[in-house]
Amino acid sequence: MKSISEAESILMQVLWQRGEATAEELREAVAERTDWQPGTVKALLNRLLNKGAIRAEREGRRFRYRPVLEREDYVAEQSRSLIDRLFDGRVAPLVAHFSEQKALSKSDLDELRRLIRELDDGE
């Protein structure tokens, strides 16, 4: 599947949350974050259709859109791409970067410790 642009991902987030929506429902859902006109939303939907990320079903005079691409698959691909591009495929330098930037809260650190313990226990 071709990669999803940032703008397309905004619509995908709504579809993943709702499960389905019309173009107008999508435009309304993103209206606070974007100033997209109906034509912009339809163009983005057509791009997502061409990429196979969503499907459309005719519903009277309009279409209802549903995600085909699973959110988990998208997140995994984006995460792997980021780590590969910026950190040579390694997770530890990513965590070190956030640590150096003071971007990890106490709850983030607690969660990382918990995940590491789970990984250690799973060996």
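- For Arg90, the CZ atom is loosely surrounded, since the number of other residues' heavy atoms within 6.0 Å does not exceed 12.
- Of the inter-residue distances, the one linking Ile54 atom CD1 with Arg64 atom CZ reads 12.5 Å to the nearest 0.5 angstrom.
- To the nearest 0.5 Å, atoms CD (Gln78) and CZ (Arg71) are separated by 11.0 Å.
- With values rounded to the nearest 0.5 angstrom, Tyr65 atom OH is found 8.5 Å from Leu26 atom CG.
- Salt-bridge check for Glu24 with Arg62: failed, with every basic side-chain N at 4.0 Å or more from each acidic carboxylate O.
- Interatomic distance, CZ of Arg55 versus CD of Glu20, reported as 9.0 Å (0.5 Å rounding).
- Cluster annotation: Leu86 and Val91 are assigned to the same hydrophobic cluster (Ile/Leu/Val/Met/Phe/Trp/Tyr, side-chain heavy-atom contacts under 4.5 Å, transitive).
- Between Ala53 and Met12, the shortest heavy-atom distance links the atoms O-CE, 3.8 Å.
- Ile10 CD1 to Leu15 CG: the interatomic distance, rounded to the nearest 0.5 Å, is 12.5 Å.
- For the pair Trp16 (side chain) and Glu72 (backbone), a donor-acceptor distance under 3.5 Å is absent.
- When every heavy atom of Glu8 is checked against every heavy atom of Ser3, the shortest pair comes out as OE1-O, 4.1 Å.
- One side chain, Ser105 or Asp108, offers a donor N or O that lies under 3.5 Å from an acceptor on the other.
- Under a hydrophobic-cluster definition in which Ile, Leu, Val, Met, Phe, Trp and Tyr are linked whenever side-chain heavy atoms come within less than 4.5 Å, directly or via other members, Phe87 and Leu112 are assigned to the same cluster.
- Under the 3.5 Å distance criterion, the side-chain polar atoms of Ser9 are matched with a main-chain donor or acceptor of Glu6.
- When every heavy atom of Arg47 is checked against every heavy atom of Ser5, the shortest pair comes out as NH2-OG, 3.3 Å.
- Residues Leu82 and Ile4 are members of separate hydrophobic clusters, defined by side-chain heavy-atom contacts under 4.5 angstrom among Ile, Leu, Val, Met, Phe, Trp and Tyr.
- Salt bridge Arg117/Asp121: absent, no basic N to carboxylate O contact under 4.0 Å.
- Between His97 atom NE2 and Gln101 atom CD the span is 4.5 Å, to the nearest 0.5 Å.
- Follow the hydrophobic side-chain contacts under 4.5 Å out from Val75 and you never reach Leu94; the two are in separate clusters.
- Linking Ile, Leu, Val, Met, Phe, Trp and Tyr whenever their side-chain heavy atoms come within less than 4.5 Å puts Leu49 and Tyr74 in one cluster.
- Pairing each heavy atom of Gly19 with each of Arg66, the nearest pair is O-CG, 3.6 Å.
- Looking at heavy atoms from C-beta onward, Arg27 lies out of side-chain contact with Gln37 at the 4.5 angstrom threshold.
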